[in-house]
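Nothing here was measured: the structure is a model prediction, and the numbers come from that model. Just so it is clear: chains get the letters A, B, ... in the order the sequence lines come, proteins before strands, and each one is counted from 1.
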Amino acid sequence: MIKLYNTMTRRKEIFKPREGNKIKMFVCGPTVYDHSHIGHARTYISFDVIVRYLKYSGFTVFYLQNITDLDDKILKRAEEIGSSPLELARRYEEKYLQDMKVLGVENVNFYARATEHIPEIINQIKILVKKGFAYETDKGVYFDEAKFKEFGKLSNRNLEELNVHRIGPDTSKRNPGDFALWKKRKIESEELEMVWDSPWGTGRPGWHIEDTAITDTYFGPQYDIHGGGLDLIFPHHEAEIAQMEAASGKNPMVKYWMHTGFLNVKGEKMSKSLGNFITINDLLQEYSPDVFRFFVLSTHYRSPIDFSQEILHQSQQGLQRIYKLIETINELLDENTAISMENDQEYIYKLSEVRKEFFEAMDNDFNTPSAFSTIFDIIREVNRDINDSNISKNALTKLKALIIEFGIVLGFDFSLKNENEQELQEDLIELLKDVRSKLREKKEWDLSDEIRSRLKELDIVLEDKST
RNA sequence: GCCAAGGUAGCUUAGAGGCGAAGCGGUGGACUGCAGAUCCAUUACACGGGAGUUCAAAUCUCUCCCUUGGCUCCA
């Protein structure tokens with residue numbers, strides 16, 4: 001039984017899809033005008049694991065994500081660098097998809113581009129106008145917040161509050177907080193790209209409408225999970241609720257709202273002006289994707305997470321512990337080591353307990369830190385028994401399988417398969433190791449140490465066994 | 001000002017009324033020709049301050065202090 005925290009009710013709820021075991025899930029995708037940063041990575045890795053676990057738990061998940069490829073930021077950026085907006089958008093979309101692939105985010109079933117859903121967007125706006133929730137001005141078409149009584153229910157705000165702190169409100173709007181559904185083209189300044197014809201003249205959609213048009217297209221007016229970063233709660237998700245529920249007359253649009261916490265850099269929000277903006281590219285120069293994934297999953301998805309070199313290093317060390325154990329097990333299974341079978345039955349039972357704890361942690365709002373905690377608990381125990389030669393090969397095999405299984409759920413490959421391209425390199429290392437062991441037989445320590453230290457310069461670490 | 005999320009051992013994080021955690025790091029030891037990994041011990045009678053509820057509070061209530069974020073685009 002999975003419990004998840006619903007931002008709408010501000011509490012954990014028992015998860016039950018609207019229909020059977022089918023889940024319709026939508027997560028807000030990026031605006032493709034620049035490289036994706038590690039904050040994006042945090043969010044999408046979190047949802048990747050959530051989807052992995054939902055699937056693992058027997059649900060069928062359709063995971064939909066939008067790509068915002070029409071937006072003021074894209075136009076601005078395109079102008080700056082003298083590129084076509086659409087080309088720019090496609091370029092960064094491709095980059096985003098590459099980044100996600102490298103990070104092991106691979107569960108999105110469909111990426112829906114905003115520009116490919118213009119008719120659906122126009123149609124939704126038409127409905128809102130017809131039902132009296134939207135009105136046209138000479139600047140565009142706006143959603144009338146005052147008409148939607150429940151506006152603010154997700155972010156826990158009311159209209160008075162929302163209207164207080166807006167400086168210099170646009171007087172052509174009925175309420176200061178009314179947001180654009182359709183922006184009319186400003187004749188002089190704008191390019192001809194990224195404008196479309198509509199009943200309200202040429203122009204382009206507002207920010208919020210693409211998501212509801214897309215979800216309505218593929219899911220209908222009601223679906224199970226909507227996710228995104230914490231910063232999207234207001235105004236973006238609030239606006240989505242207003243649009244969709246007003247248009248369809250059905251409530252609620254979404255059964256469960258899930259939001260990921262921020263990634264900060266040294267306690268501060270990441271921003272270009274502070275100079276602490278780190279792209280996924282930058283990150284991968286120094287750390288492998290799985291170290292970053294481990295770093296992300298070491299904190300609960302809703303908590304803020306602080307990024308620094310030191311913490312990444314800690315993550316690297318922690319993750320190594322898991323890989324080391326698998327490596328040790330592989331060696332033990334390969335060798336003709338005599339290991340005791342005494343507590344075999346006890347182990348089988350123990351492993352089933354570990355599995356249970358792992359799933360309890362994940363069931364509890366996808367508590368990955370707690371899940372890792374159970375993994376480390378068993379690792380410590382097993383290491384002790386390996387040291388004491390008090391474990392059977394059967395138990396080791398089962399343990400290895402279990403950890404690999406956990407890895408699949410969390411998005412790691414703990415199986416350490418030999419890649420073809422690595423084979424030669426590995427053979428060469430074997431050769432050096434052989435030579436070195438002969439030197440060691442002859443107690444040629446200087447030379448054997450030199451081999452070890454020079455391999456270390458190449459990031460290849462040899463660890464001698466005590467025999 | 002309003003709304004949110006937080007303050008748990010040196011660092012990073014779980015937990016959410018009673019049996020007190022995990023990782024990283026430090027120190028000492030076992031094992032090693034050395035190093036590393038691993039194990040053991042220790043750092044560690046940890047839960048921001050103060051009141052209250054309770055047989056029992058990191059956990060609930062109140063209050064105060066501090067941090068971060070949102071209220072304009074943002075994952």
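- In the set B:rC39, B:rC34, B:rA75, B:rC39 carries the atom at the smallest distance from any side-chain atom of A:Arg384.
- At a cut-off of 3.5 angstrom, the base of B:rC40 holds no donor-acceptor pair with the side chain of A:Arg380.
- Under the 30°/60° scheme for interplanar angles, the aromatic rings of A:Trp257 and A:His237 are found to be tilted.
- Under 3.5 Å, the side chain of A:Arg440 and the base of B:rG33 form at least one donor-acceptor pair of N or O atoms.
- With B:rC73, B:rC34, B:rC39 as the choices, the nucleotide that has an atom nearest any side-chain atom of A:Lys73 turns out to be B:rC73.
- The nucleotide whose nearest atom lies closest to any side-chain atom of A:Pro369 is, among B:rA75, B:rC34, B:rA14, B:rA14.
- Residue A:Asp449 is in base contact, counting any heavy-atom pair closer than 4.0 Å across all strands shown.
- Exactly one residue among A:Ile74, A:Asp72, A:Asp71 makes a side chain to side chain contact (heavy atoms under 4.5 Å, CB included) with A:Tyr33. That residue is A:Ile74.
- Checked against a 6.0 Å centroid threshold, the rings of A:Tyr301 and A:Tyr5 do not count as neighbours.
- Of the candidates B:rG23, B:rU12, B:rU13, B:rU12 carries the atom nearest the A:Ile311 side chain, counting heavy atoms from C-beta on.
- Looking at the side chain of A:Ser373, the nearest of the listed nucleotides B:rA22, B:rG25, B:rA4 is B:rA22.
- Counting distance only, with no hydrogens placed and no angle test, the side-chain atoms of A:Asp446 and the base atoms of B:rG33 include no donor-acceptor pair under 3.5 Å.
- Here the side chain of A:Leu263 is nearest to one of B:rC34, B:rC11, B:rA75, namely B:rA75.
- For A:Asn387, taking side-chain heavy atoms from C-beta onward, the closest of the listed nucleotides B:rU38, B:rC40, B:rA22 is B:rU38.
- Side-chain rings of A:Phe295 and A:Phe292 approach one another, their centers coming within less than 6.0 Å.
- Checked by distance alone, A:Gln314 brings a side-chain donor or acceptor within 3.5 Å of a matching partner on the base of B:rC11.
- In the set B:rA75, B:rA14, B:rA22, the nucleotide with an atom closest to the side chain of A:Ser303 is B:rA14.
- Residue order along RNA chain B, read from the 5' end via each residue's closest nucleotide, puts A:Arg302 first among A:Asp388 and A:Arg302.
- Of the candidates B:rC39, B:rC34, B:rA14, B:rA14 carries the atom nearest the A:Asn367 side chain, counting heavy atoms from C-beta on.
- Nearest to the side-chain atoms of A:Arg452 among the listed nucleotides B:rA35, B:rA14, B:rC73 stands B:rA35.
- Within the 4.0 angstrom heavy-atom criterion, no nucleotide atom of any strand lies near A:His313.
- A:Gly228 comes within 4.0 angstrom of the backbone, heavy atoms only, and of no base.
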